[in-house]
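Remarks on the structure that follows.
A note on names: the letters A, B, ... follow the listed sequences, proteins ahead of strands, and every chain is numbered from 1. Computed from a predicted structure; not experimentally measured.
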Amino acid sequence: MARLSQLFVPTLREDPADAEAASHKLLVRGGYIRQVGAGLWSFLPLGWRIHEKVVAIVREEMNAIGGQEMFMPVVTPAELWQATSRYGIPEVFKLEDRVGRPLVLAMTHEETVTSHARELGSYRDLPQILYHFQTKGRDEPRPRGGLLRVREFVMKDSYSFDRDEEGLEESFRAHERAYHRIFERSGIEFQAVQAESGMMGGSESVDFLAPAGAGENTLVTCERGDYAADLEIARGVPRAPELPPRLDAPEPVDTPGIATIEALAGSLGIDEAATSKAMPVVNGDGEVVLALVRGDDRLDEAKLAAVLGSAVRQATDEEIRSAFGADPGSIGPVGFSGEVVADETLREGQFVAGANETGRHLRGVEHGRDFEARFADLRVPKEGDACPRCGGALRFQTAIEVGHIFKLGTRYSEPLGARFLDADGVERPVVMGSYGIGPGRVVSAAAEQGADEQGVAWPRSIAPYDVEVVPIEAAGPDAMGIAERLVDDLERAGLDVLVDDRDRRPGEKFADADLIGCPVRITVGKKVLEDGRVDVLTRAGRSEERVQVSDVTNRMTEGA
RNA sequence: CGGGACGUAGCUCAGCCUGGUCAGAGCGCCGCCUUUGGGAGGCGGAGGCCGCGAGUUCGAAUCUCGCCGUCCCGACCA
């Protein structure tokens, strides 16, 4: 039993000034976490209890699929990171020891674990699943939202080692199933989606996204439930444009001073979707490339970069004038000598485009007749798009990435020389997967999803305590005796009990109980002396009922 | 890295524009009293390098410059 009078739970009456996200505000107000620096947070005792409850769930499920827990250091020799060409990643924290030897603070542990995997010399040693809970350091350019994006955090990272792709597939699916169980048990709403592999490399990855009021990802789902993806790779079917009558040849139209699609469509009295938007960029070779998307769409620069095979930057006004001979608001594909990459939406139909003459546009521009282009998916899906599978409406939700699993293949085993001898005597690189969960992200997702005006209603499985008992001392010693016996009873039933034994007024205790957010609050006041009942409040939904003291423990345990 | 905002007591903020009884409030904290089912009230008290450093001035929380820090948007991102 924990006595609130003896715990370090510094609750705050007001929202912290620098917090925006609900989870950020409430986690600070509730005395769960405190900031140390940008993206650097301490978990206070209450917050750490929640964190460790998540950790316990993760550990159980990892062990259940044969994972072996181990522990690898944060400080890592730079050579390992140089070997895999990840030393140059800007987010890597770098440091030197006293003799100037370069080191990194690991942001993940592929390099280290793969170096150990060199001892897996035979196919007989495979498969293996190794994991640990360890601090990751990431020098993020912009930490934000409390625990949402931080520069140091604990991660459960596991690594699978298999003989071949089939083995990897099995390890990958085992993790996928384990992750589903973990997030279900943690009591958060989530969705598994196909995702980008980003800097991890590898062939396939699945993201676990928890919809929330704040987050870094956007979850795109079909209202009919047959499609879910991260916005980064999502595809939507845009509405059909209202095209004006077809023209036999492009027709110039004066558009002085018009530089935006909105103004263009407005002045011509046409649908924005019947215009094209020209986005000149400069590719890795320094050439100006024209990216074209429909007027009502946004260009996804990552998709464009993938198509072009190099990073791109926006062209400067000078570059635009010299390449197109016109100001940025009036450029288009017709007559442009460089490469044109156009979104699929522009393949059919006629659109308005810049005339490459300042203050002038062309109506009726048509691919094939008036210009040539390479077509690709370049647009950012948006509200109003239809599901690519069934045509249903797509939903867009802000979400927190709570887990991510990757098929790595031999991305790390090759450069680090983790090879084994197969049954046929041939040496092969170990086939790997890596799988991460940020318990702190699970905490913030649960906080976002359980937040209300008063605090956070935690899921029972990760709540800091199962039940908080609030004795109202003014009710007198007899009532307090009943409260004490009730607490003993609850404890004997195996429940984690928090008692607010502070010498405070009831209102303050209630407010803090809401903030602390135990799933159940039991108030023992003078009314218990009249009818032997206490008030049992279910934090989520705030339903309160009067229950016989003798029934409380049964009530608490039967649902668990 | 680009744009914006902010930095004064433990927390939330006022004061700055217009330099001079300007070191302030509320909450929190300590003591006493009173009160006790939704953050009560009274009296007394402790608590500040006004982010740091230069400069201007007789005089700087206030004006100028530089630096540092934090947050938000964007870029970026296992």
Nearest listed nucleotide, side chain of A:Ala17, among B:C13, B:C71, B:A78: B:C13
Between B:G10 (P) and A:Phe8 (CZ): distance, integer Å: 14 Å
Touch class at under 4.0 angstrom, heavy-atom based, for A:Arg142 against every strand present: base
Side-chain heavy atoms of A:Ile129 within contact of A:Gln68, under 4.5 Å: no
Gap between atoms CD and P, on A:Gln194 and B:A78 respectively (whole Å): 17 Å
Counter-base of B:G37, judged by Watson-Crick or G-U geometry with both distances under 3.5 Å: none
Shortest side-chain distance from A:Glu232, nucleotide among B:A78, B:C77, B:C71: B:C77
Complement of B:A60, any strand, by Watson-Crick or G-U distances under 3.5 angstrom: none
ring-ring contact (aromatic ring centres under 6.0 Å, His included) involving A:Phe161 - partner list, sequence neighbours excluded: none
Minimum-distance nucleotide to A:Glu20 side chain [options: B:C72, B:C77, B:A78]: B:C72
A:Glu14 CD - B:C11 P separation (whole Å): 12 Å
Identified pairing partner of B:C32, criterion: Watson-Crick or G-U wobble below 3.5 Å: B:G42
RNA chain B: 5'-proximal contact among A:Pro141 and A:Ala38 (nearest heavy atom): A:Ala38
Watson-Crick or G-U counterpart of B:G66, or none if no pair lies under 3.5 Å: B:C52
Under 4.0 Å protein heavy-atom contact, by nucleotide of nucleotides 36-48 of chain B - B base, S sugar-phosphate only: BBBBB--------
Distance below 4.0 Å between A:Arg86 side-chain N/O and B:A78 OP1 or OP2: no
A:Tyr435 or A:Gly146, whichever maps to the more 5' nucleotide of RNA chain B: A:Gly146
Ring centres under 6.0 angstrom apart (A:Trp458, A:Tyr32): yes
